[in-house]
Enquirer: 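Quick one: this structure, given as structure tokens, is what I'll be asking you about.
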Amino acid sequence: MRRRKRRRKNAAVTEAMRGEEDPKEEAHQGSSALADVKVLPVREEDGPTLEDLGDGPKVEDRCSLEPTMDILSYSENEWKGNTTKSTLIRKGYTELSQRFGRLRRVRGDNYCALRATLFQVLSTSTQLPVWLQVKHISMWPEELEAQEGLIGHWMFPSECRQGDRSEDAVQQLKRYMELLQNRWQAAVGCSSAEQRQRLCELVFQGGEEELGLLEALKLLMLGRASELHTTMQAGGDVPVFCWLLYARDSSDCPRTFLSNHLSQVGFSGGLEQVEMFLLGYALQCTIQVYRLYMADTEEFITYYPDDHKEDWPCVCLVTEDDRHYNVPVGQPNGLQVTEDHTAIPEDLPADCLDSKSQKTSLQADCH
């Protein structure tokens, strides 16, 4: 039995190294509305108040995740026709619906894997992971720059370059790491799953806060990749995916991994499968992905990574093509998602609210 499990594990990891082929052998019937939405960054002084939320667009209208929709209805609308591909994807959605009732589409840019994962982590976390409680974690930018010079030329999205700031890349990433700690702590401090969902609606609004958090995830991935590479060089034991990560001609060390792969995430490319394993290790979280185009195979449900399923928390994503990831919601762990996320609950933790007004959005810490 152990041998069979090891074969399946190695097969899942090895598949991450296969050349990318176009899984869309037919035209996708649905629109990609979120991919075309331009979200303007919000400054502290003009963040939305409770009164603004009542008169203007709803919070969910600006959110980087669309409101929930029925999985089976979405499947029928998006994958019409009787082609082999459509039939397979619909079958995958039918199997997915046995566990989840609804789906949230994630903004269709090259951050989607990071965004979907972080949304699920924050909306389901009930305790702060031990690794995030260590103050040392916020010092990673300084250490990575001092040891290997990896941070000085970090690429930031335009929304993260507002104003006349004097801080350098190290200071900026340190600030984003502290923001990640604060937001995760705020999510854990919520009194209910519904409250955590509403908090996430406010965090995932585009602009500097959200993108800064996603850059913090990239930093975590780089830090973990550097640690694992050092262990490899010393002859220590590392997960199988590490050998595959660094076997690529374009990624033989942390520096080339950053310049040729990680720096492109959010800009010209998303995460490759082998990097999904690294993301799971960086967060010490098992990312369970329903890969719909792999329905009817043992790779339909893949775990990134698959060696800590018993001792790490698990979040679930869904993909039709290993490129874009959406968020299934509904019944896992007893979580019930309400339809209306527009109201800001009165009992949100104090540090979730703007420092100028206790009724404004969650964006003060970034400014």
Side-chain angles (χ1 to χ4, degrees), residues 28-37 39 57-79 89-90 92-125 183 187 190 192-207 209-211 213-214 217 270-271 276 279 285 287-292 301 313-344 362:
H28 193 282
Q29 301 295 322
S31 62
S32 183
L34 281 178
D36 300 325
V37 175
V39 178
K58 296 180 180 179
V59 170
E60 63 183 21
D61 293 336
R62 294 189 299 268
C63 186
S64 294
L65 290 87
E66 288 186 0
T68 63
M69 59 191 77
D70 178 76
I71 284 178
L72 294 180
S73 297
Y74 174 81
S75 171
E76 291 298 325
N77 290 333
E78 294 289 309
W79 292 94
I89 295 293
R90 287 200 305 269
Y93 274 120
T94 298
E95 294 188 36
L96 178 68
S97 70
Q98 301 304 306
R99 181 176 178 188
F100 300 93
R102 304 185 72 78
L103 182 79
R104 297 194 69 171
R105 294 178 65 187
V106 177
R107 182 180 301 282
D109 60 15
N110 290 313
Y111 279 111
C112 68
L114 295 175
R115 179 181 290 115
T117 300
L118 184 60
F119 183 90
Q120 289 290 65
V121 165
L122 293 184
S123 63
T124 59
S125 290
R183 290 295 171 255
C190 289
S192 66
E194 289 79 7
Q195 190 185 77
R196 281 191 296 275
Q197 288 287 330
R198 291 168 181 162
L199 183 150
C200 288
E201 298 294 330
L202 293 172
V203 170
F204 289 85
Q205 293 285 304
E209 170 155 333
E210 177 186 325
L211 296 180
L213 290 172
L214 301 182
L217 292 194
L271 292 184
M276 290 291 288
L279 176 60
C285 173
I287 306 170
Q288 181 188 42
V289 179
Y290 287 79
R291 303 165 69 199
L292 303 182
I301 299 177
C314 180
V315 297
C316 295
L317 308 181
V318 57
T319 180
E320 298 172 351
D321 54 15
D322 287 338
R323 287 181 173 84
H324 182 78
Y325 295 84
N326 289 320
V327 170
V329 294
Q331 303 302 322
N333 301 320
L335 179 61
Q336 297 288 337
V337 181
T338 57
E339 292 297 319
D340 183 10
H341 300 292
T342 62
I344 301 178
L362 297 175

Enquirer: Could you tell me if the side chain of P328 sits less than 4.5 Å from the side chain of R99, heavy atoms only?
Expert: no
Enquirer: Just wondering, do R291 and D322 contact through their side chains at under 4.5 Å, heavy atoms?
Expert: yes
Enquirer: About how many Å separate OG of S97 and CD1 of I71, when rounded to the nearest 0.5 Å?
Expert: 6.5 Å
Enquirer: Working to the nearest 0.5 Å, report the span between CZ of F119 and SG of C63.
Expert: 6.0 Å
Enquirer: For the atom pair CZ (R183) and CG (L118), what is the distance rounded to the nearest 0.5 Å?
Expert: 11.5 Å
Enquirer: Just wondering, do S123 and E201 contact through their side chains at under 4.5 Å, heavy atoms?
Expert: no
Enquirer: Of all the heavy-atom pairs spanning C314 and Q288, show the shortest one and how long it is.
Expert: SG-CB, 3.7 Å
Enquirer: Tell me, please, which residues at least two apart from E76 pass side chain to side chain contact (heavy atoms under 4.5 Å, CB included).
Expert: R90
Enquirer: Roughly how far, to the nearest 0.5 Å, is CG of L114 from CD of E210?
Expert: 10.5 Å
Enquirer: Between SG of C112 and CG of L317, what distance do you get to the nearest 0.5 Å?
Expert: 9.5 Å
Enquirer: Quick one: are W79 and E320 in side-chain contact, heavy atoms under 4.5 Å?
Expert: yes
Enquirer: Quickly, which of I301, T319, T117, V315 forms a side-chain contact (heavy atoms from CB on, under 4.5 Å) with V289? Name it, please.
Expert: T319
Enquirer: Taking only residues two or more places apart in sequence or in another chain, which ones pass side chain to side chain contact (heavy atoms under 4.5 Å, CB included) with N326?
Expert: Y74, L103, R105, V106, V318, H324
Enquirer: Step by step, would you call L211 with R115 a side-chain contact (heavy atoms from CB on, under 4.5 Å)?
Expert: CA-CA 9 Å; L211 296 180; R115 179 181 290 115; 4.1 Å; yes
Enquirer: Would you please test L271 and Y325 for side-chain contact (heavy atoms from CB on, under 4.5 Å) and show each step?
Expert: CA-CA 10 Å; L271 292 184; Y325 295 84; 6.0 Å; no
Enquirer: Would you name the heavy atoms of S64 and G206 that are closest together and state the gap between them?
Expert: OG-N, 3.7 Å
Enquirer: Which atom pair, heavy atoms only, marks the closest approach of R104 to T68?
Expert: CG-CG2, 3.5 Å
Enquirer: Where do A113 and M276 come nearest, in terms of heavy atoms and distance?
Expert: CB-SD, 4.0 Å
Enquirer: Taking atom CD1 of I89 and atom CD of E78, what is their separation to the nearest 0.5 Å?
Expert: 11.5 Å
Enquirer: If you take all heavy atoms of D70 and S73, which pair is closest and at what distance?
Expert: OD2-N, 2.8 Å
